[in-house]
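All values below come from the heavy atoms of this structure, side chains included, with hydrogens, waters and symmetry mates left out. A quick note: this is a predicted structure, and the numbers were derived from the prediction, not measured.
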Amino acid sequence: MSDYLPPLTALRAFDAAARHMSFAKAAAELHVTPAALSFQIKSLEEHLGRPLFHRLNRAVELTEAGRTLAPGTAEGFAALQAAWRAVRRRENDTSLTVTAGPALTAKWLAPRLYEFARAHPEIDLKFSATLRNMDLERDDVDVAIRFGNSADEGLYSVPVRKEWLTPVMTPELAEQFDTPESLRHAPLIHDDSISFLTPPCDWPAWFRAMGVDFTPTHGAHFSNADHAIDAAVAGVGVALGRRAMILKDLTEGRLVAPFKVALETQGRFRFLCLPGAEKKPQIAAFRDWFLTEIEKTAHISDEFEIIPIKEVSTS
């Protein structure tokens, strides 16, 4: 049995058949006839010197040799596809794929993107709103905007201002709960999407900052920040809202922030891409726009007394 690799077309046929466990479905995926696919797999088996599939009446099953080969071929073709996408992205100066969390996309990015699109009509912009950790080397993504306090080793990283939080509510609720102490009796909304931050930046911490001895045991909990803010806009209760998530609703009057005290978290948003990719025209343009948009609303922070979370942490 030779150590030389068989033709990639034969390996590709095997990979498709192993994934579908069907020669017909594999042939359809590869746009060949079932007979042509069967011929490729037969040539691969002859190259190996043993069968890769048990041919049954209306189905196929992997042999022991097939089960051994299948994971490696799948991983190999996935790596080839990732490398091909990566080199195409490096050669492409007109498309840009950005990933950001669903909350930032909904509350901050989406309302502003028309300005970027108007300024750069030559760039084909795509968005992936997800919290999944994306591999910028392998996934079809050029830029990631992420929140937290990670080190971002091996990436080009531009950190922006630290996020702060303050209570926000509808104007109607603000008339009922006009002092920090009164919030002990308010329906509180909890944003669990930042529960990973250390020290915790939550309602107990904000009450400590205000000198109020109170640890909430009630209230609605949301796993997404934008859902928590939407609940506050609907009048469900009072949310401890992050700056980036509340700006639009504050400026348009749907929410108010009556207590001008905010907690500064240890987390911040970062603009991330592969080292060297920041020099590509479309990535540089998006970075510059992103940072400029953040600075446009930086003055909002001047309205608040901002207390670093470490000053009120119990740990």
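In terms of the salt bridge (charged side-chain N to carboxylate O under 4.0 Å, His left out) criterion, residue partners of Lys107 (sequence neighbours excluded) are, by chain and number, Asp230, Asp249. With sequence neighbours excluded, no residue forms a side-chain hydrogen bond (donor to acceptor under 3.5 Å, both in side chains) with His185. Qualifying ring pair (Phe, Tyr, Trp, His ring centres under 6.0 Å) partners for Phe147, counting only residues two or more places apart in sequence or in other chains: Phe269. Taking the side chain to side chain contact (heavy atoms under 4.5 Å, CB included) definition, one finds that His221 meets it with His190, Asp192, sequence neighbours left out. Qualifying side chain to side chain contact (heavy atoms under 4.5 Å, CB included) partners for Leu250, counting only residues two or more places apart in sequence or in other chains: Val168, Ile246, Leu255, Ala257. In this structure, Glu278 has no salt bridge (charged side-chain N to carboxylate O under 4.0 Å, His left out) partners at least two apart in sequence or on a different chain. Under the ring pair (Phe, Tyr, Trp, His ring centres under 6.0 Å) criterion, Phe177 pairs with no residue, sequence neighbours left out. With sequence neighbours excluded, the residues satisfying ring pair (Phe, Tyr, Trp, His ring centres under 6.0 Å) with Phe116 are His120, Phe286, Trp289. In terms of the side chain to side chain contact (heavy atoms under 4.5 Å, CB included) criterion, residue partners of Asp152 (sequence neighbours excluded) are, by chain and number, Ser150, Ser157, Arg270, Leu272. Under the ring pair (Phe, Tyr, Trp, His ring centres under 6.0 Å) criterion, Phe127 pairs with no residue at all, not counting sequence neighbours. Applying the side-chain hydrogen bond (donor to acceptor under 3.5 Å, both in side chains) criterion to Thr166, with sequence neighbours excluded, gives no partner residue. Listed by chain and residue number, nothing satisfies the side-chain hydrogen bond (donor to acceptor under 3.5 Å, both in side chains) test with Arg268 (two or more places apart in sequence, or in another chain).
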Start with the C-alpha distance between Arg67 and Glu64, add both sets of side-chain angles, then the distance that settles salt bridge (charged side-chain N to carboxylate O under 4.0 Å, His left out), and finish with yes or no. CA-CA 5 Å; Arg67 289 193 297 271; Glu64 183 178 352; 5.2 Å; no
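Under a cut-off of 6.0 angstrom, the local environment of CG in Asp302 is crowded, with over 12 non-hydrogen atoms contributed by other residues, nucleotides or ligands.
Taken to the nearest 0.5 Å, the OG1 atom of Thr265 stands 12.0 Å off from the CG atom of Asp202. Between atom CG of residue Asp142 and atom OG of residue Ser95 there is a gap of 6.0 Å, rounded to the nearest 0.5 Å.
A salt bridge between Arg118 and Glu115 is absent, with no side-chain N of the basic residue lying under 4.0 Å from a carboxylate O of the acidic one.
Relative orientation of the Phe259 and Trp206 rings is tilted, given thresholds of 30° and 60° on the angle between their planes.
Ser313 and Arg208 share no side-chain donor-acceptor pair at under 3.5 Å.
By the criterion of side-chain heavy atoms lying less than 4.5 angstrom apart, applied directly or through intervening Ile, Leu, Val, Met, Phe, Trp or Tyr residues, Leu183 is grouped together with Val261 in one hydrophobic cluster.
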